[in-house]
Structures are given as structure tokens and as C-alpha cells.
Engineer: 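This is the structure I want to talk about, given as C-alpha cells.
We name chains A, B, ... by the order of the sequence lines, and we start the count at 1 in each one. Nothing here was measured: the structure is a model prediction, and the numbers come from that model.
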Protein chains: 2
Amino acid sequence: MTDLRGDVFRTIDPERPGSTSEEVISQLREMIHRGELRPGDRLPPERDLAKILGVSRPTLRAGIRSLAAVGVLQSRQGAGTFVVKSDGPPALDSSPLRLMASLHGFTSAEMFEARQSLEMAVAGLAAARATSDHMASLSEEIAGMFASLDDPEQFLVHDMRFHQAVAAASGNRILTSLMNMVATILFDVRRKTVKHATDLKESAEMHRQVYRAIRERNPEAARIAMRDHLMLAQRAQESERISEVEDGLERAG
Amino acid sequence: MTDLRGDVFRTIDPERPGSTSEEVISQLREMIHRGELRPGDRLPPERDLAKILGVSRPTLRAGIRSLAAVGVLQSRQGAGTFVVKSDGPPALDSSPLRLMASLHGFTSAEMFEARQSLEMAVAGLAAARATSDHMASLSEEIAGMFASLDDPEQFLVHDMRFHQAVAAASGNRILTSLMNMVATILFDVRRKTVKHATDLKESAEMHRQVYRAIRERNPEAARIAMRDHLMLAQRAQESERISEVEDGLERAG
DNA sequence: TTCGACGATATGGTTAGAACATATTTGAGA
DNA sequence: TCTCAAATATGTTCTAACCATATCGTCGAA
């Protein structure tokens, strides 16, 4: 959370193409691309930055807001505006996808399928690349699942962490981000349905299949195991609570 | 582009959690989720809508701007603010991913791999589902490639359209959107390198392999063919112009 | 009558200045 | 040295006005 030297900002040329606030966005974006703004950095106060860039404060705020909307900046009243720094893997905001889903009537089946494809891809990569550390994490979550067969809430925690661990083992942060984007949208639904789950043991067993395939460095088997696991999960969810699934897709925001 | 009846908007309760502008965003988002705002709709003028929602115009504008940043709304000076209506498949803005790439130092290899995984998934689905119309489109673009072996620019057009057609044939708009998101980032680089391409014929041939696999309804073959095609493309690009690739990743915004 | 140009109106974009709310820092007092 | 309250820093919202552009209607010319 280091402060910035003031001299990296340049005054905006009012005759550049695009509107003034667009120009503010470009300016900030390019500073990020050039590495002058790094995760955790704090921007100068709005009043100062507006002067430096040569625009009014509302215009500057408009630019900041646009970048905040896509998850790059974060403003905290009284504290300042910061470049987002995530602890875990980089996270893309899923609300744009949610809105697109509503606008274009994406079905939950389509959403499930997208998740399945992404998870299969990630599982395949993980089988090829997982380090022993990754293997250990996976194993740990599997153990956690078997230890919480009678506690659906707890089971779900290990379930999600397992999928995160597989994604981490894949070594591809982009696919991981996209996967999380889709998974997030399906999450609320999942949390609701998990209470009614009757076959946690079978689910844990299928996770173990995925783990074994990864451990044996067999990408194709990992893909298949992941596919089967998610197919079962989808069927369970759909058969139990169609209405809530639809609800989740429509309402979540 | 129908105008909205004014009575679908509700006044905002200032005591709700979150800031006022957050509340505006939620309000608009929920109207989209509920289907009260549909693609192409025009929002009431800012001055009116601000009164209706019971907030000031700058606050309303802040909300609009946030939704515009994620590609859901679009404001046109003098005309109005509209819910985005895309002609083709729904498009997710790729700039958030670009920024994440810069912030977290995603490598171009990682980006390529993500694209490859997505395209393989999509090709596999296309092989299972493509209609005869889809087949025709694919075939047409293949023909276009062979017809423009001596015109790299034109070849690239058919190349991209082929990939779009495969995505369309997959029937999954979410995967298509994600694929395009990644592909868009790699596009500028591709356009630069295509001029130096020496093996357009080989590339066209590989596309044809993908097409044949889809036509024969062989998902696994389609995946393999797509993988080989993209691997070759990546190698060609990397070997020719490493510097420009890096440039593209850093600068594009 | 039809078509084009011009101007009026509608609408988003920008600026200014002030008041407000919350987070952080400072300093006084125990 | 620690704790808590006041002061300061900083983002948030509001009011009011003016600018820039798009749209649409009207008027005039062909």
C-alpha cells in the first residue's frame, strides 16, 4: 500500500479523441499496463489527482468509477482509492456475466455446461502439472469431505476448496478466473440444494476419482472424472429444485 | 428501441444498506433480471429518472456509468441511454481481463493456453451439435481461406469467421463469450503477425481438419484438430515476433 | 409534392462549489 | 505507555448551471 510519487501522472490533453472521462480511463489504464500502478497502490486524493490531470473532480470520479466497476480500483470513503489487490487468484467480477445471462436468457443448462467445460479443461491441465504441494491440498480436501459426510454445509466448503485447488494446480490463472466467474453464479443455488443432498458419499467418491487421475498424471481420466462428477451434481440439482435454480439465475445480481 | 413506461421505476429507499449509488445500480440490475429492461430499451432521460428514483443526477449518473463500464448500458450524447443490444452473440468486455493480465503479469503463453482450452471445448461441442446450416458456414469459410492464400489480410478474416462459426455451432453462448473475450486480447497481435505468415496453406489445411471432424460428428477428433491448429499458430507467432506479442499484452487496453 | 438544409429541442457530458459521512491520524490525558 | 476523543483526510452526495451533440420538425427550394 505504498503511496505514489506524484510525477507519474500527466496532464490530459483536452483535444484527444473521445470524451474527457474516456481519456481519464485510458490514462489510468495505461499506467496500469505500464506497471506504474500496481496492486495495492493508493491513488492520490481525488482533489489532487483532478488538478494533476487537468479535469474536474466529477469527471475524474466518472473515470475512477468505471474502473471500479470492472474490479480494478476500489474506493474506500475516508481512506482513499486503491488498485485492487487480491489475496487469492485474480478475480473477475461475475456480475457482467449475470446481467448478460438475464438479458439474453441464458439457461441454467448452458451455464452448467460452460462450467463443466472449464472444469474439465482445468482438471486436464492439473493432471499434467500438479506439484506435490497441490496433490497434498487436494488430498486434504478429499479427506475433509469424507470427514463431513453428515454435515452438508461443511462438506460444501471442502467441495469448493477442492475445485479451487484443482484450478490452482492447473497453473492457468486465466482459466481459473473464468471458471470462478461461472461457478460464482451457480454457487448460491448450490448452497441451497446441498442441504437436501442425500448422496454426499457418492459425491466424495467422485471427487476422489478426480484426485486419483490427477495423481496418476492422467489428463484424460481427470477430465472424464470431472465430467462425471459435474454431470451428477447437475442432475441432482435439477431434479431436486428446478424452481430455485431458475430463481437463482434470474435474481442473483 | 421502445421507450419505457415510467411506472416500472420505484423510488429508492435512502436507508437501504450500501451507498446511494450502489442502490441505483442494484435497482437497475434487478430491473434487468426481472426482464423489465430489455436489450434495446431506452432509459428515461437522466433528469427524469433521477427524480423518479429520488436521487440527484450525479448519483444516478454514477450508477449508469458503472453499468456502462461492464457493457450493459450505453449512453449516447444527445440521444439517450440504452440497454445494449448486440447483433451477434452477447459480448463480454475484454478490458477487465486485459487489466488483470497487466496487474498480475499473465504471460502470453497462459493466454494462449486459455484460448486453446476454450476453443477445444467449443469444437468438441460443435462436433456433437452443429446443424447443417452451421456446417455450411464452416465450409464456406474454409473455401474462403483456400481462395485467399495469397492475401493474408483476407485470410485472417475467414480465419476469424471460421472460429466464430465453430463457436456458434457449439450452441453455448457463455463459452462463446468467454472465448471471444480471450481471443480479442490476442487479436491485435495476430493481425500484426499474419503479414509474415508463410504457411497459410498449412493453416487452411488444419482448419479443414477441424471442419471434417465436426462434420463427422467426432468430438474428440475435433478437439485434437483444434489443439494442433492453435499450437501451430502459437508457435508461428512466438517464433516470429516475441517482442510484439509482449507488446500487445502490455499495451492493449 | 418531395427532398434537403437549418434551427429548435432533447439529452448526455462537464464544471463549479459546497455540505456530508466515514476512515485515519494526532494528541491530550490517564 | 496506553486509550480515547478531537482533528484531519478523503470519498460521497447534492444543487445549479452551462456545453456539445443527436434528433426531429419545419420551412424553403427544386
Engineer: Under the side chain to side chain donor-acceptor pair (under 3.5 Å) test, which residues partner B:D159, sequence neighbours left out?
Structural biologist: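 In terms of side chain to side chain donor-acceptor pair (under 3.5 Å), with neighbours along the sequence ignored, B:D159 is linked to B:H163, B:R190, B:H207.
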
Engineer: Tell me if a side-chain donor or acceptor on A:R42 pairs with a main-chain N or O of A:A79 at a distance below 3.5 Å.
Structural biologist: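 Yes, A:R42 side chain to A:A79 backbone: donor-acceptor pair under 3.5 Å.
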
Engineer: How would you list, by chain and number, every residue that makes a side-chain contact (heavy atoms from CB on, under 4.5 Å) with A:A136, sequence neighbours excluded?
Structural biologist: none

Engineer: Give every donor-acceptor pair under 3.5 Å between a side-chain atom in residues 66-73 of chain B and any protein atom, sequence neighbours left out.
Structural biologist:
unit_1: B:S66; atom_1: OG; unit_2: A:R65; atom_2: NH1; d: 3.1
unit_1: B:S66; atom_1: OG; unit_2: B:A62; atom_2: O; d: 3.3

Engineer: Could you work out, with salt bridge (charged side-chain N to carboxylate O under 4.0 Å, His left out) as the rule, every residue matching B:R173, not counting sequence neighbours?
Structural biologist: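 Per chain and number, B:R173 pairs via salt bridge (charged side-chain N to carboxylate O under 4.0 Å, His left out) with A:E110.
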
Engineer: Which residues pass the side chain to side chain donor-acceptor pair (under 3.5 Å) test with A:T81, sequence neighbours left out?
Structural biologist: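 Partners of A:T81 under the side chain to side chain donor-acceptor pair (under 3.5 Å) test: A:S75.
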
Engineer: Write down the distance between NZ (A:K51) and P (D:dT10), rounded to a whole number of angstrom.
Structural biologist: 13 Å

Engineer: Could you run down nucleotides 16-23 of chain D 5' to 3' and tag each one B, S or - for protein heavy-atom contact under 4.0 Å?
Structural biologist: -BB-BBSS

Engineer: For B:E46, which contact category applies under a 4.0 Å heavy-atom criterion: base, sugar-phosphate, or nothing?
Structural biologist: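 Since only primed, P, OP1 and OP2 atoms lie under 4.0 Å of B:E46, the category is sugar-phosphate.
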
Engineer: Residues two or more places apart in sequence or in another chain: which of them pass side-chain contact (heavy atoms from CB on, under 4.5 Å) with B:Q116?
Structural biologist: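 If we apply the side-chain contact (heavy atoms from CB on, under 4.5 Å) test to B:Q116, skipping adjacent residues, the hits are B:M120, B:R227, B:L230, B:M231.
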
Engineer: Which residues pass the side-chain contact (heavy atoms from CB on, under 4.5 Å) test with A:R61, not counting sequence neighbours?
Structural biologist: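 If we apply the side-chain contact (heavy atoms from CB on, under 4.5 Å) test to A:R61, skipping adjacent residues, the hits are A:E46.
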
Engineer: Which salt bridge (Lys or Arg N to Asp or Glu O under 4.0 Å) pairs, counting each pair once, include a residue from residues 161-171 of chain A, with sequence neighbours left out?
Structural biologist: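 Non-adjacent pairs meeting salt bridge (Lys or Arg N to Asp or Glu O under 4.0 Å): A:E141-A:R161.
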
Engineer: Rounding to a whole Å, what distance do you find between B:E23:CD and D:dC14:P?
Structural biologist: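 To the nearest whole Å, that distance equals 12 Å.
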
Engineer: Counting only non-hydrogen atoms, which of residues 59-75 of chain A are less than 4.0 Å from DNA chain D?
Structural biologist: A:R61, A:S75

Engineer: Can you pull every protein N or O that's under 3.5 Å from an N or O on nucleotides 4-7 of chain C?
Structural biologist:
none

Engineer: Quick one: list whatever passes side-chain contact (heavy atoms from CB on, under 4.5 Å) with A:D151, sequence neighbours left out.
Structural biologist: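 Counting only residues at least two positions away or on another chain, A:D151 forms a side-chain contact (heavy atoms from CB on, under 4.5 Å) with A:S148, A:E153, A:Q154.
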
Engineer: What's the closest nucleotide to the side chain of B:R42 if the choices are D:dT12, D:dG11, C:dT11?
Structural biologist: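 Given the options D:dT12, D:dG11, C:dT11, the side chain of B:R42 is closest to C:dT11.
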
Engineer: How long is the line joining CG of B:L53 and C1' of D:dT13, in whole Å?
Structural biologist: 15 Å

